[in-house]
Number of protein chains: 4
Amino acid sequence: MTSSKKKEKYDLILDAALKVFAEHGFHRSQVAKIAREAGVADGTIYLYFKRKEDILICLFREQLGRLLQLAHDAIQDITDVKQALRTICEIHYTHLENNVDLAFVTQIELRQSSLELRKEIGIAFKPYIELVENVLHKGIEQNVFRPDLNVKLVRLLILGAIDEVVTSWLISGQKYSLAAQVDGTVNFFLQGIDQ
Amino acid sequence: MTSSKKKEKYDLILDAALKVFAEHGFHRSQVAKIAREAGVADGTIYLYFKRKEDILICLFREQLGRLLQLAHDAIQDITDVKQALRTICEIHYTHLENNVDLAFVTQIELRQSSLELRKEIGIAFKPYIELVENVLHKGIEQNVFRPDLNVKLVRLLILGAIDEVVTSWLISGQKYSLAAQVDGTVNFFLQGIDQ
Amino acid sequence: MTSSKKKEKYDLILDAALKVFAEHGFHRSQVAKIAREAGVADGTIYLYFKRKEDILICLFREQLGRLLQLAHDAIQDITDVKQALRTICEIHYTHLENNVDLAFVTQIELRQSSLELRKEIGIAFKPYIELVENVLHKGIEQNVFRPDLNVKLVRLLILGAIDEVVTSWLISGQKYSLAAQVDGTVNFFLQGIDQ
Amino acid sequence: MTSSKKKEKYDLILDAALKVFAEHGFHRSQVAKIAREAGVADGTIYLYFKRKEDILICLFREQLGRLLQLAHDAIQDITDVKQALRTICEIHYTHLENNVDLAFVTQIELRQSSLELRKEIGIAFKPYIELVENVLHKGIEQNVFRPDLNVKLVRLLILGAIDEVVTSWLISGQKYSLAAQVDGTVNFFLQGIDQ
DNA sequence: AATGAATGAGGGTTCATTCAT
DNA sequence: TATGAATGAACCCTCATTCAT
């Protein structure tokens, strides 16, 4: 009972933080504002999080975990690596398009943080990196992807490219469909721009 | 004479800012520290820049201008669009590898800014975008690149991919050569990962 | 039974407080820390003490009571007032030397309190004051001490002098024997510094 | 000019701090309150003092310096060591009686500080200690004071005794004359209480 | 143009105390 | 009696910006 309540309040705060961060940005979001939004006292925040930055980190971990789970489950039964890559991209775009608040936090606010925090984020991001690298490795083994690929570099290129598309879509004011970019994106990944 | 002095001091401040931002990050760089580094009084900064963020914007414009000029000059006489793309990527990587301070400011510090600032930065970034898009358009016209390319999307994908490679190299502690990634990067852009 | 348990817990808390106050100082000693040391819940503290300062006051009362009892018992059968004074001083120094935690609390932490608290402390200190004044009065009656003594003033001088010796010994890091100062102290009280 | 203004503001703040500390105590005195009393902005305080505690230390140094100067000047031409001791005591009592705010700060507020701060205070107090010890040494040399005196111990006893008299006078509400205690105090120091 | 002293708004965090259970 | 989760008031200090000189 107590633990369920604790869980509830923990989530209450994270939900409130997501909303407040998305609206005002990390630096402009006072802890007091998050507390008010969550319906708890300022001090209560500090029963669940060590400091303000921790809220951001936990929020990211939690949310990235869901995205990862979605992607993981979706490619579980897919043997076609090209299709797997497409699915990852599709889920990535779709999930962020359906969760604009989350998109703002990951694409904009999360970058406004100290180098130390970015390293923390990097660690949390590891499983997602591995998901992509696994697909690449499998593709090379299956002779579907070119054997001379530098997997780490290609992974950077793919995730950097995806990231920029999402950020650009956000900054533009979400005036077009993000999910509609999947085909163009994946074709680029697979065939490049050369004739 | 006066204007030349003004020019001098303006540059003095920007040079100081680049150094200080790179060392301490934007938020940890007090205006007073930049002033001391530049050898001027705190108040003098405000004769040349409206506010602290302006220093960052101007610094970015100035430096991006140089990179743009380098790239522009280098592809001037190149008719082979593939080679042009390679040259842009090569200059981008090489220039940032040779100017780590600049790299830190553009890849890390510049992101730690408000949405408004990022829009400003976007505007300054326009000419670089056009440079890349021009190459893409030319390549399509020449039937070297695929005719169905969504140029804006591909440009995002290319610049996002490059950006991530640079950031990752920085965060890793510049433990390997950035310029050595040109081949892998451009091959990916041209042929993708498909066999 | 209940009252005995209460007594037990009351003492448990005071013992914990003495330890925690001595180690961290009054202001740096959170109520939570005392509670943990005592093995009770935070809220339980408030069943026995009105507020944090009360713990300090009660602790002082309790401990001073013991010192007073020791001194009182020791001079009970002493008719020589000079010897009585020496005994009081000896017990004071010895007791604090043997209870450094207590010394820290009385000499350092107790002073870090509001004027109001110091008045409370003054009241608790009354019996000790009377003990000393009684010896002085008796000495005057017996024509052992000078008849023109201002008893209240002399009592202040004596206790102030003793207090400073103890504090200085503490701050010095207890590098010498406090009890060894009894002779020098009492000689000063009795004969002054004049040849 | 500038330095004279700086001096002025420095003193303005110290004067304000003395008043505010005396009235509300150190811990209850917000920096903002001192600033308002001094007629400067909050931030200005920090142009002259590193932190709140520094104000207290500087205040003490400044004021103790004056008291020391007074005592030093007064005993300059006195060859009679007994008279010198009397003069020191007289000036101490008189000065604090004439500067009740100062008395509150030195006797009450200054004690409510961390052990570290008390060490700082101890250093500032050194010259005063030496003043007293010099008189004691001289008295022993002149065969006026007993040759077997433990000078350091006696100095502690004397200053401790004086200190307690002042504090007691303060806590009592200054209902009697402090200066009137000089005779009783000095007689005690010289002859003790023995017949 | 240049100075640099002065300004003052702004917020994360602690912790004594309460109260529902 | 006992718990301990929740409360929320309280405050020092930084630093971007201004302005009198």
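Letters A, B, ... are given to chains in the order of the sequence lines, protein chains preceding strands, and every chain is numbered from 1.
- D:Q63 has its side chain within reach of D:L18: a pair of non-hydrogen atoms, C-beta onward, lies under 4.5 Å apart.
- Within the 3.5 Å criterion, the main-chain N or O of D:A17 finds no donor-acceptor partner in the side chain of D:E37.
- Contact annotation: the side chain of C:F60 never approaches that of C:V105 to less than 4.5 Å [non-hydrogen atoms, C-beta and beyond].
- D:Y46 places a side-chain heavy atom less than 4.5 Å from the side chain of D:V31.
- Rounding to whole angstrom units, OH of residue D:Y10 and P of E:dA5 are separated by 17 Å.
- Rounded to whole Å, atom C1' of E:dT13 lies 17 Å from atom OH of A:Y48.
- For the strand DNA chain F, secondary-structure stems (runs of at least three Watson-Crick or G-U pairs, all distances below 3.5 Å) span E:2-21 with F:2-21.
- OP1 or OP2 of E:dA6 sits under 4.0 Å from a side-chain N or O of D:K9.
- Aromatic ring pairs are classed by plane angle as parallel below 30°, tilted from 30° to 60° and perpendicular above 60°; the pair C:Y48 and C:Y10 is tilted.
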Derivation and outcome, side chain to side chain contact (heavy atoms under 4.5 Å, CB included), residues C:V100 and C:F104: CA-CA 6 Å; C:V100 181; C:F104 260 108; 3.8 Å; yes

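- Around the NZ atom of A:K19, the shell of radius 6.0 Å holds no more than 12 heavy atoms that belong to other residues, nucleotides or ligands.
- Counting to the nearest Å, the C1' atom of F:dA16 and the CZ atom of B:R36 are 15 Å from each other.
- Between the C1' atom of F:dA2 and the CG atom of C:L12 lies a distance of 14 Å, rounded to the nearest Å.
- Taking atom CD1 of A:I55 as the reference point, atom C1' of E:dT13 lies 12 Å away to the nearest angstrom.
- Side-chain N or O atoms of B:E109 include one that pairs as donor or acceptor with a backbone N or O of B:F26 at under 3.5 Å.
- A heavy atom lying under 4.0 Å from DNA chain F marks none of the residues of residues 17-25 of chain C.
- D:F49 places its CZ atom 15 Å from the P atom of F:dC12, with the value rounded to the nearest Å.
- Atom NZ of D:K52 sits in a crowded spot, with more than 12 heavy atoms from other residues, nucleotides or ligands closer than 6.0 Å.
- Side-chain atoms of C:L14 and C:E62, non-hydrogen and from C-beta on, do get closer than 4.5 Å to each other.
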Sugar-phosphate or base contact per nucleotide [nucleotides 14-19 of chain E; S, B, -; heavy atom under 4.0 Å]: BSSBB-

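- Between A:K9 and A:V40, some side-chain heavy-atom pair lies under the 4.5 Å cut-off.
- If you take NZ of B:K33 and C1' of F:dA16, they are 14 Å apart, rounded to a whole angstrom.
- Comparing D:I45 and B:A41 by the nucleotide of DNA chain E that holds the closest heavy atom to each, the one mapping nearer the 5' end is B:A41.
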